[in-house]
Amino acid sequence: MSRPRLIKEASAPLPLERELLIRIHDLMVKARVLEERLIQMYKQGHGYFWIGGPGEEAFNVPLGLLMKVGQGPAYDFLHAHYRQSATLLAMGEEPIGALRQMKNTASDPYSGGRNFAGHFSIRAKNVVPVSSPIEVQYAMAPGTALAQKRLGGDSITIVTGGDAGTAEGDFASCLVWCSRPAEPLPVLMIVTNNKWGISTSGAEQHGEQRVADRGRAFGIQCKTINGNDPVEAYQELKEAMAYVRKERRPFLLEANVSRLYGHSSASGANLVTEEVDCLKQFEARLEQDGVLTRQQMDDTRNRYAEEMAAAARLVRDEPLPAPETIWNHIYAEKK
Amino acid sequence: MANMAQAIRMALHYAEENLGVTDIFGEDVGAPLGGVFTCTQGLKTAWNSPLDERGIIGMAMGLAMAGSRPVAEIQFCDYVYNTIDLLKLAGNTCWASNGDWNMPMVVRTPVGSGIRGSMYHSHSFDATMTHIPGWKIVMPSTPLDAYGLLISACQEPNPVMFLEPKALLRVKGEERIPGEPDDDRALSKMIDAPLGDRSQWRPQWPNLEAFAVPIGKGKIVREGTQLTVVSYGRTLPLCAKAAAALADEGISAEVIDLRSLWPYDWEMIQASVQKTGRVLYVNEDTEVTNFGEHLVRRTVDELFYSLLAPPKLLAGKFIPGIGLADTLEMASVPQLGDITEAMRALAVQQP
Ligand SMILES: Cc1ncc(C[n+]2csc(CCOP(=O)(O)OP(=O)(O)O)c2C)c(N)n1
């Protein structure tokens, strides 16, 4: 495709509206500051484990902005993995919920102190509970998509995961179930490729040139994009989503992204400097194009840093779930 | 009277007409076959899935989360084992989300021995399934209970595992399903798909009525005073038969059909054991970390001073499979003779 690419062709004008660029930037900063705060909480002993998505904001923010957010099959479903905080913020979540989950307080809106950071779950927004077993979300996605297809309308199912996880059978299940000629399904399959498992390199994981190529054998539209460029990500996501919404068929989108603080707290959660930082790159371009000044961007960051520090202080004093609540919600009650 | 396969089919028909069931699916579940045991013939929402058990469970979970009401089938429980972590996920979704989400889905799967199915068509699943919290688990031994339990399962807001003892699927019931015609042949003509070309065939459903067996309630199938036998599935009718035979020897056994494995009717077991002082649990899954072991443990913990003899478990041998040869299958899982003997031995034990 010959579409101008933001980062590579720095001379071309930015193809998105100024308002939108500022909104994307704002959310990227907010998400980055949130993740940095979560890491800090972990390092200060205010949480047992950190995993999240710093380095994926350029892709994850546009994803959240483009979703049709609501409850039930008339709206988009998100079957996410654990690096999706920026998407959740773009969908309108307040960051304090993620802090509460990190601190496993009773007030944690996603799991009531039961699950790790980054394991979002919001029924009112069709965010299916994020769970630790890699790739299971790809087995469930066809189910929500079938309900959506039956309903009519243009809602779609979005499923995200990493590159290493595509070796699991559930990824193949998703390819198969979404592309049957008798019942194609409106699923946007996303793989955010950071070139790593936990510590296993891409070359030790799989042989296909691009993960997206796996869609070809199934007649699934597929594409690999630069997920470090929010403008490219926005445009490609928009196009892919429009296709899935209209054609009611699957699309496999692979986004190359960075992993800026390693896999998780299990590997230290320290900043790596050898990977592209999508936020830094985007800010340089915004400044160069006169969309925002350095001062304005610094102000945004400082404002969020202060907000999240205040939120973290608040969360620190909130109570843990009471021990007897382990018995709650094993079953749903009949309404 | 209907057999259990027909009863299941009628319950599913009732459920798709009246209870909002939207999808009945699995391998060979839709037309033309309607299930390898014919349980899904003629159903309007039945469809064929890819040959992918994880995909089947995942599909059911997705449908359930999007407000549909799926009933998924795993063709033989021997093939459900690669879905265990998805079953765990279905069972923990409500809890993990602190009550935000629920999973109204039913999974049906044929279990157990009795059809000379060799190593991979004879497995049981109750021992493994009862290790997975968040599910309700039922296992009928009669067509009427199959009908009533499946109707309850299709009304549940939680995942329900419906275990079908395959040895009993073709056995006719002794109780009428509300709405089924008096004549078996008439019923068969109405709802059994014909051999050969079925493309034009449509079932003629009887006017079925609501009948729900509550999940969690057992059934006393025979009253007795000297010992209690608690079983479910294939071994239940064998226990009843053994009890009838032993009555002629002057041994009075009470037989409980547990029907629901989780939650289960502890009150019924407790009342019975307090009366008889002796209890034998019978099932055919492998005996190590068997569900019956839990029942034995609870009996010891809570009913110790009511007991006149140690509580016993008669279950399948802890071996890697059930061999095909008649001799092997018979030696691997409890048969009528084994049950009768175990009951007789327990009845005469004195403190
Ligand atoms: C089924 C399963 N196996 C192993 C793990 C442990 N584990 C957690 S994350 C991970 C690596 C995942 O890599 P990838 O899919 O590329 O996603 P990324 O974390 O890089 O975004 C592993 C092995 C797990 N959570 N689930």
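Proteins come first, then strands; the chains are lettered A, B, ... in the order of their sequence lines, and each starts at number 1.
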**OP:** Please look at B:W47 and chain A and tell me whether the side chain, the backbone, both or neither of the residue comes under 4.5 angstrom of a heavy atom of that chain.
**Re:** side chain
Original post:
Is the count of non-hydrogen atoms from other residues, nucleotides or ligands lying under 6.0 Å from B:F37 atom CZ greater than 12?
Top reply: yes
Original post:
Is atom NZ of B:K44 surrounded by more than 12 heavy atoms (other residues, nucleotides or ligands) closer than 6.0 Å?
Top reply: yes
Original post:
Which atoms of B:P133 come close to chain A, meaning under 4.5 Å heavy atom to heavy atom: side chain ones, backbone ones, both, or neither?
Top reply: neither
Original post:
For B:D52, is it the side chain, the backbone, both, or neither that has a heavy atom closer than 4.5 Å to a heavy atom of chain A?
Top reply: both
Original post:
Where do B:G55 and A:S173 come nearest, in terms of heavy atoms and distance?
Top reply: N-OG, 4.2 Å
Subject >> Atom group of B:S68 that falls short of 4.5 Å from chain A, counting heavy atoms >> reply: side chain
Subject >> B:Y120, OH: over 12 other non-hydrogen atoms inside 6.0 angstrom >> reply: no
Subject >> Nearest-0.5 Å distance, CZ of residue B:R54 to SG of residue A:C174 >> reply: 12.5 Å
**OP:** Check whether A:V159 gets within reach of chain B through its side chain, its backbone, both or neither, counting any heavy atom under 4.5 Å.
**Re:** neither
Original post:
Would you call the rings of B:F25 and A:W177 parallel, tilted or perpendicular if under 30° counts as parallel and over 60° as perpendicular?
Top reply: perpendicular
Original post:
Is the count of non-hydrogen atoms from other residues, nucleotides or ligands lying under 6.0 Å from B:Y81 atom OH greater than 12?
Top reply: yes
Original post:
Looking at B:K88, B:M65, B:M61, which has the largest count of heavy-atom pairs under 4.5 Å with chain A?
Top reply: B:M65
Original post:
Highest number of heavy-atom pairs under 4.5 Å with chain B: which of A:P73, A:G112, A:P129?
Top reply: A:P129
Original post:
Counting only heavy atoms not in B:E267, do more than 12 sit closer than 6.0 Å to its CD atom?
Top reply: no
Original post:
Is it the backbone or the side chain of B:I56 that comes under 4.5 Å from a heavy atom of chain A, or both, or neither?
Top reply: both
Subject >> Top contributor to chain A interface from B:P50, B:A96, B:G91, B:P70 [non-hydrogen pairs under 4.5 Å] >> reply: B:P50
**OP:** Heavy atoms only, distances under 4.5 angstrom: which of B:S97, B:G58, B:P104 has the most pairs with chain A? Name it, please.
**Re:** B:G58
Original post:
So which bits of residues 94-111 of chain A come within less than 4.5 Å of chain B, counting non-hydrogen atoms only?
Top reply: A:Y110, A:S111
Subject >> Greatest number of heavy atom pairs closer than 4.5 Å to chain A - which of B:D23, B:N92, B:T93 >> reply: B:D23
Subject >> Neighbourhood of chain B inside residues 130-153 of chain A, taking heavy atoms under 4.5 Å as contact >> reply: A:S131, A:P133, A:V136, A:A139, A:M140, A:P142, A:G143, A:T144, A:L146, A:A147, A:R150
**OP:** Could you tell me whether B:K217 atom NZ has more than 12 heavy atoms of other residues or ligands within 6.0 Å of it?
**Re:** no
**OP:** For B:A210, enumerate each residue passing the side chain to side chain contact (heavy atoms under 4.5 Å, CB included) test, keeping only those at least two apart in sequence or located in another chain.
**Re:** B:Y14
Original post:
Tell me, side chain or backbone of B:K136 under 4.5 Å from chain A's heavy atoms, or both, or neither?
Top reply: both
Subject >> Members of residues 180-188 of chain A whose heavy atoms come closer than 4.5 Å to chain B >> reply: A:R180, A:L185
Original post:
Where does B:N158 contact chain A at under 4.5 Å (heavy atoms): side chain, backbone, both or neither?
Top reply: side chain
Original post:
Given that the side chain runs from C-beta out, which part of A:V176 has a heavy atom under 4.5 Å from chain B: side chain, backbone, both or neither?
Top reply: side chain
**OP:** For B:R198, look at atom CZ and say whether over 12 heavy atoms of other residues, nucleotides or ligands are found less than 6.0 Å away.
**Re:** yes
Subject >> Straight-line distance of A:N115 CG to B:N98 CG, nearest 0.5 Å >> reply: 11.0 Å
Original post:
If you measure from CD1 on A:I330 to CH2 on B:W135, what distance do you get to the nearest 0.5 Å?
Top reply: 16.0 Å
Original post:
Out of A:E333, A:R123, A:H329, which one pairs with B:N102 under the side chain to side chain donor-acceptor pair (under 3.5 Å) rule?
Top reply: A:R123
Original post:
Non-hydrogen atoms of chain A under 4.5 Å away: do they reach the side chain of B:N82, the backbone, both or neither?
Top reply: neither
